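A short write-up of the structure that comes next.
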Amino acid sequence: MAIVLGTPKVEGLSEAVGVLREWQYEGAPMQLHPGDLGWFWRSGAEATAAAVRTWRRDGRILAVGLLDGPGLLRLTIAPDARRDGELARQLAEDVSGPERGVLPAGKVNVEAPVGALVQDLLSEDGWSADEPWTPLRRDLTEPVKDPGVRIEVVGPEQAHVFAAVLRAAFDGSRFTKERWHAMAAGLPYADARCLLAYDELGSAVAAVTVWSAGPGRPGLLEPMGVHREHRRQGYGRAITVAAAAALQELGSSSALVCTPSSNAGAVAAYRSAGFRQRPEVRDMYRDAQGVSSD
């Protein structure tokens, strides 16, 4: 049975979100999470659908990709299909050929789970390993301590405050209250929470969004940021502890996050909040000269 590459319509996003939920399990490699689609949803349902790619065989989705930017495909694969030779060859061909409508010509990146056969094939075809990222995990089977600062769950009335903290936390961020409302209207947000941390003067100093994949499955932090005027005061740790507590309330078995290994401050903040480092992961990239798809 042929493998079919497709782009869902808005009404088809629920199926993609559903399989991503099913593919999350304890011990899985760091991979695309339903929360990643949820965070992308800030651009709207239509844009999210246009950025998703699915690969099916006999009607079953075997792989889901998210074009998280013009030259980055974040790809994950059904656990029982990660070493499927036919699927891996199809994936490698589709991401390498600009005419396939997945990635453009020039320098591009593919993120795929560690151990997936497609990584081996891309490496054989001249793709290289990019800069390392550090995944971190916190087990949620034990109670989570109080974060030590005031935490509020964000609703529509605090959307502008949440947006302002994110803009102050990430250089170049264009996040707005309108984007928060678009994100909150998305399917994955039904199992998500946005949180704000406040200092003793009542100023919002840090923000995080947490995404559950369902009870008994790993949850995700994406994004977490501290206002640039309130850094190095422990607020990164506090909001991260609060995020873990929120995921625990949502039934998650663990909390996951991934950050560039070069961001030593973020790694330290997560570790101070009870997260443990996992082995580094790397995207695969093709340089600007391109690789032949013949």
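Quantities reported herein were computed from a predicted structural model and do not represent experimental measurements. When reading the values below, keep in mind they use all heavy atoms of this one structure, side chains included, and skip hydrogens, waters and symmetry mates.
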- [ ] Could you note down all residue pairs passing ring pair (Phe, Tyr, Trp, His ring centres under 6.0 Å) where residues 226-265 supplies at least one of them, sequence neighbours left out?
- [x] H227-H230
Open item on the list: Going by side chain to side chain donor-acceptor pair (under 3.5 Å), name the pairs with one or both residues in residues 200-215, residues two or more places apart or in two chains.
Closed with: none
TODO: Look at the side-chain heavy atoms of Ile, Leu, Val, Met, Phe, Trp and Tyr, link any pair under 4.5 Å apart, and say whether V118 and W55 land in one connected group.
DONE: yes
Open item on the list: I'd like to know if the side chain of E93 and the backbone of Q90 have a donor-acceptor N/O pair within less than 3.5 Å.
Closed with: no
Open item on the list: Hydrophobic clusters here meaning ILVMFWY residues chained together by side-chain heavy-atom distances under 4.5 Å, can you tell me if V226 and L136 are in one?
Closed with: yes
Open item on the list: R57 vs D84, test: side-chain contact (heavy atoms from CB on, under 4.5 Å). Steps then yes/no.
Closed with: CA-CA 12 Å; R57 183 167 55 206; D84 184 307; 2.6 Å; yes
Open item on the list: If the condition is side-chain contact (heavy atoms from CB on, under 4.5 Å), which residues does K9 pass it with, not counting sequence neighbours?
Closed with: E11
Open item on the list: Check D80 with R60, please: is the shortest side-chain N to carboxylate O separation under 4.0 Å?
Closed with: yes
Exercise answer: donor-acceptor pairs, residues 145-153 side-chain atoms, under 3.5 Å, sequence neighbours excluded:
residue, atom, partner, partner atom, Å
D146, OD1, G148, N, 2.7
R150, NH1, E152, OE2, 2.5
E152, OE1, Y198, OH, 3.3

TODO: Take atom CZ of R271 as the centre, draw a 6.0 Å sphere, and report whether it contains more than 12 heavy atoms from other residues, nucleotides or ligands.
DONE: no
TODO: Please answer whether the main-chain N or O of F175 pairs with a side-chain N or O of R167 as donor and acceptor at a distance below 3.5 Å.
DONE: yes
Open item on the list: Tell me whether E111 contacts the main-chain N or O of M284 through its side chain, where contact means a donor paired with an acceptor under 3.5 Å.
Closed with: no
TODO: Is it possible for you to say whether M183 and V165 belong to one hydrophobic cluster, with membership spreading through side-chain heavy-atom contacts below 4.5 Å?
DONE: yes
Task: Non-neighbouring partners of D58 that pass side-chain contact (heavy atoms from CB on, under 4.5 Å), sequence neighbours left out - done: M1
Task: Heavy-atom pair of closest approach, residues M224 and G236 - done: CE-O, 4.2 Å
Open item on the list: Tell me the closest heavy-atom pair linking L187 and L13, and the distance in Å.
Closed with: CD1-C, 4.2 Å
TODO: Please report the closest heavy-atom contact between L140 and L247, naming both atoms and the distance.
DONE: CD1-CB, 3.8 Å
Open item on the list: Working to the nearest 0.5 angstrom, can you tell me the gap between Q248 CD and S254 OG?
Closed with: 11.0 Å
Task: L73 and its side-chain contact (heavy atoms from CB on, under 4.5 Å) partner, picked from L103, N109, L91, D283 - done: L103
Task: Any residue meeting salt bridge (Lys or Arg N to Asp or Glu O under 4.0 Å) with E249, in chain and number order, not counting sequence neighbours - done: none
Listing, residues 256-268 side-chain donor-acceptor contacts under 3.5 Å, not counting sequence neighbours, or none:
residue, atom, partner, partner atom, Å
S261, OG, P132, O, 3.3
S261, OG, T134, N, 3.4
S261, OG, T134, OG1, 2.7
S261, OG, E280, OE2, 2.9
N263, OD1, A266, N, 3.2

Task: S252 and R217: side chain donor to acceptor below 3.5 Å - done: no
Open item on the list: Ignoring hydrogens, what is the shortest heavy-atom contact between R138 and A244? Give both atom names and the distance.
Closed with: CD-CB, 4.0 Å
- [ ] Please list all pairs passing the side chain to side chain donor-acceptor pair (under 3.5 Å) test where one or both residues lie in residues 27-37, with sequence neighbours left out.
- [x] Q31-T76, D36-R74
Open item on the list: Tell me whether R42 forms a cation-pi arrangement with W39, defined as NZ or CZ under 6.0 Å from the six-membered ring centre and within 45 degrees of its axis.
Closed with: yes
Task: Qualifying residues under side-chain contact (heavy atoms from CB on, under 4.5 Å), relative to E178, sequence neighbours excluded - done: T176
Task: Hydrophobic cluster membership, L121 vs V95, 4.5 Å side-chain cutoff - done: no
TODO: Using the rule that two of Ile, Leu, Val, Met, Phe, Trp, Tyr join whenever any of their side-chain heavy atoms come within less than 4.5 Å, decide whether F170 and F162 are in one cluster.
DONE: yes
Open item on the list: The criterion is salt bridge (Lys or Arg N to Asp or Glu O under 4.0 Å); which residues satisfy it with R228, sequence neighbours excluded?
Closed with: D171
- [ ] Search all heavy atoms of D130 against all heavy atoms of K107 and return the closest pair with its distance.
- [x] OD2-NZ, 3.8 Å
Task: Distance in Å, R174 CZ paired with S43 OG, rounded so as to fall on 0.5 Å steps - done: 8.5 Å
Task: Qualifying residues under ring pair (Phe, Tyr, Trp, His ring centres under 6.0 Å), relative to W23, sequence neighbours excluded - done: none
TODO: Locate the shortest heavy-atom distance separating T7 from A49; write the atom from each residue and the value.
DONE: CG2-O, 3.3 Å
Task: NZ/NE/NH1/NH2 to OD/OE distance under 4.0 Å, D94 and R53 - done: no
TODO: May I ask you to decide if G106's main-chain N or O and R286's side chain share a donor-acceptor pair within less than 3.5 Å?
DONE: yes
Open item on the list: Could you check whether any side-chain N or O of R83 sits under 3.5 Å from a backbone N or O of G115, counting only pairs where one atom can act as donor and the other as acceptor?
Closed with: yes
TODO: With sequence neighbours left out, write down each residue that passes side-chain contact (heavy atoms from CB on, under 4.5 Å) with H181, or none if nothing qualifies.
DONE: P156, A159
